[in-house]
S.K.: 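Take this structure, written in structure tokens, and hold onto it; I'll ask about it next.
Index from 1, following the sequence. Remember, it's a predicted structure, so these values are computed and weren't measured experimentally.
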Amino acid sequence: MQQYDRNNLPTTDTLRTKSRSQTVITTALLLFAITGLLSGFTFNAMNRPPKSTPPTTNITKQSPVATKTKTPTSSPTTQPIVDVAATSLGCPTANVDQPTQKPDGTTLYTASLQAVTKGSKGANKCQGEVLKAPEITCKLWLTKNPDETNKALTKDSYALLKNLDNLEQPIPNEEQGALVFSSNAQSLQPCHNDGTASWQYQVSTSVQPGTYYLVYVVDWKGKRFNWSYKQVTIA
């Protein structure tokens with residue numbers, strides 16, 4: 001049987017001393033652990049990368065710049081130059097507003113023409129295309145006998161038409177004074193640059209009833225010329 005020496009048993013004071021030592025050691029370990037933990041937190045906080053700040057975009061507001069729009073200007077239309085000598089003159093297109101006319105000296109009538117090139121159209125097969133050219137002279141008069149008028153115009157190789165001064169005189173077989181022209185129209189006048197001409201007139205009371213013919217002449221410088229007839233009834 002094992003014997004215990006009472007004198008060798010730990011005393012109360014000894015036990016208290018050991019217990020106190022253990023407490024101190026435990027406390028020291030806890031403090032050491034806490035200190036290490038706090039040091040880790042501090043280290044992480046010090047070495048944490050700084051929070052990036054998004055770059056600031058500066059937006060500059062620009063005022064709209066007013067632009068001046070240039071208004072296009074139209075160029076004047078230039079009349080094309082027509083070589084009348086090359087195209088020649090056909091029988092002009094003749095018109096009259098009323099084929100039956102009164103010799104009362106008051107009723108107003110209108111006759112007109114359009115110059116054309118020489119061709120194979122029209123009743124006389126001598127009309128071509130519309131001719132727009134300057135320096136064409138036009139004349140209108142009344143006759144009762146177109147055959148005799150043709151003879152007068154073609155006599156001596158068209159001598160009458162080759163001199164514009166001749167057109168200012170009464171034409172052979174013309175019913176002189178039969179057409180009373182308005183103040184803005186004359187028997188002989190320059191055509192417009194588009195090849196047209198018009199006349200306003202009254203039929204004189206001296207004209208006897210019957211069948212007559214309006215004679216329309218176009219003449220370019222006495223070098224190219226032609227004519228047409230339009231039948232009218234005076235009643």
S.K.: Could you check if a side-chain atom of Thr87 sits within less than 4.5 angstrom of a side-chain atom of Leu131, using non-hydrogen atoms only?
M.R.: yes
S.K.: Can you see which heavy atom on Asn166 is nearest to which on Ala159, and at what distance?
M.R.: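 So the two residues come closest at ND2-O, 3.4 Å.
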S.K.: Do the side chains of Lys221 and Glu135 get close enough for a salt bridge, i.e. N-O under 4.0 angstrom?
M.R.: yes
S.K.: Taking side chain as C-beta onward, heavy atoms only, is Leu214 less than 4.5 Å from Leu179?
M.R.: yes
S.K.: For Asn95 and Tyr216, work out which heavy atoms get closest and say how close.
M.R.: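 So the two residues come closest at O-OH, 2.9 Å.
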S.K.: The criterion is side-chain contact (heavy atoms from CB on, under 4.5 Å); which residues satisfy it with Leu188, sequence neighbours excluded?
M.R.: Thr137, Lys139, Leu167, Glu168
S.K.: Tell me whether Phe181 shares a hydrophobic cluster with Val232, the cluster being built from Ile, Leu, Val, Met, Phe, Trp, Tyr side chains joined at under 4.5 Å.
M.R.: yes
S.K.: Between Thr205 and Pro103, is there a side-chain heavy-atom distance shorter than 4.5 Å?
M.R.: no
S.K.: Taking Ser182 for its side chain and Asn184 for its backbone only, find out whether a donor-acceptor pair lies under 3.5 Å.
M.R.: no
S.K.: Would you check if there is a donor-acceptor pair between the side chains of Thr233 and Thr100 at a distance under 3.5 Å?
M.R.: no
S.K.: Check whether any side-chain N or O of Thr149 sits under 3.5 Å from a backbone N or O of Asn145 as a donor-acceptor pair, and report yes or no.
M.R.: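 Checking the backbone N and O of Asn145 against the side chain of Thr149, a donor-acceptor pair under 3.5 Å is found.
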S.K.: Let me confirm one number: the CH2-CG distance from Trp199 to Leu140, rounded to the nearest 0.5 Å.
M.R.: 5.0 Å
S.K.: Roughly how far apart are Leu142 CG and Ile234 CD1, rounded to 0.5 Å?
M.R.: 6.0 Å
S.K.: Taking all heavy atoms of Pro172 and all of Leu160, pick out the closest pair and write down the distance.
M.R.: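 Heavy atoms of Pro172 and Leu160 come nearest at CD-CD1, 4.1 Å.
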S.K.: For Gln114 and Val130, what are the C-alpha separation, side-chain angles and deciding distance, and is it a side-chain contact (heavy atoms from CB on, under 4.5 Å)?
M.R.: CA-CA 7 Å; Gln114 170 67 64; Val130 169; 3.4 Å; yes
S.K.: At their closest point, which heavy atom of Thr107 faces which heavy atom of Gln202, and how far apart are they?
M.R.: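 Looks like O-CG, 3.4 Å.
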S.K.: Working to the nearest 0.5 Å, report the span between CG of Asp219 and CG of Asn163.
M.R.: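 Nearest 0.5 Å value for the CG-CG distance: 9.5 Å.
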S.K.: Consider only side-chain heavy atoms of I, L, V, M, F, W and Y, link residues closer than 4.5 Å, and tell whether Val218 and Val84 are in one cluster.
M.R.: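 Result: yes, single cluster for both.
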S.K.: Main chain of Tyr109, side chain of Asp97: is a donor-acceptor contact present, judged purely on distance under 3.5 Å?
M.R.: no
S.K.: Starting at CH2 of Trp227, measure out to CG of Asn150 and round the result to the nearest 0.5 Å.
M.R.: 6.0 Å
S.K.: Considering all heavy atoms of both residues, which atom of Asn226 and which atom of Leu89 are nearest to each other, and what is their separation?
M.R.: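 Looking at all heavy atoms of both residues, the shortest contact is ND2-O, 2.9 Å.
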S.K.: Same cluster or not: Val96 versus Val217, using hydrophobic residues (I, L, V, M, F, W, Y) connected whenever any side-chain heavy atoms lie under 4.5 Å apart?
M.R.: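 In one cluster: no.
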S.K.: With rounding to the nearest 0.5 angstrom, report the OG1 to CG distance, Thr154 to Leu161.
M.R.: 9.0 Å
S.K.: Can you give me the closest heavy-atom contact between Ala133 and Val82, atom names plus distance?
M.R.: CB-CB, 4.1 Å
S.K.: Should Glu175 and Trp141 count as side-chain neighbours, where that means a heavy-atom distance under 4.5 Å?
M.R.: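 No, their side chains stay 4.5 Å or more apart.
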S.K.: Above 12 or not: heavy atoms from other molecules or residues under 6.0 Å from NZ of Lys144?
M.R.: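 Correct, the count exceeds 12.
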S.K.: Just jot down the side-chain contact (heavy atoms from CB on, under 4.5 Å) partners of Ser198, sequence neighbours excluded, or say none.
M.R.: Ser112
S.K.: Suppose we screen for side-chain contact (heavy atoms from CB on, under 4.5 Å). Which residues come up paired with Lys121, at least two apart in sequence or across chains?
M.R.: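 Per chain and number, Lys121 pairs via side-chain contact (heavy atoms from CB on, under 4.5 Å) with Gln127, Glu129.
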S.K.: Check this for me: Tyr158, atom OH, are more than 12 non-hydrogen atoms of other residues, nucleotides or ligands nearer than 6.0 Å?
M.R.: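 No, because the 6.0 Å sphere around OH of Tyr158 holds 12 heavy atoms or fewer from other groups.
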S.K.: Quick one: does any side-chain atom of Lys162 pair with a main-chain N or O of Ser157 as donor and acceptor, under 3.5 Å?
M.R.: yes
S.K.: What I want to check is whether the side chains of Asp194 and Thr196 have a donor and an acceptor closer together than 3.5 Å.
M.R.: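 Yes, a side-chain donor-acceptor pair sits under 3.5 Å.
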S.K.: Drop me the distance from Gln169's CD to Glu174's CD, to the nearest 0.5 angstrom.
M.R.: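 Result: 10.5 Å between the selected atoms.
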S.K.: Any idea how Tyr213 and Tyr229 line up, ring-wise: parallel (<30°), tilted (30 to 60°), or perpendicular (>60°)?
M.R.: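 Answer is perpendicular, since the angle exceeds 60°.
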S.K.: Ignoring hydrogens and angles, tell me if any N or O in the side chain of Arg224 forms a donor-acceptor pair with the backbone of Ala85 under 3.5 Å.
M.R.: yes
S.K.: So do Leu113 and Cys138 actually touch side chain to side chain, heavy atoms under 4.5 Å?
M.R.: yes
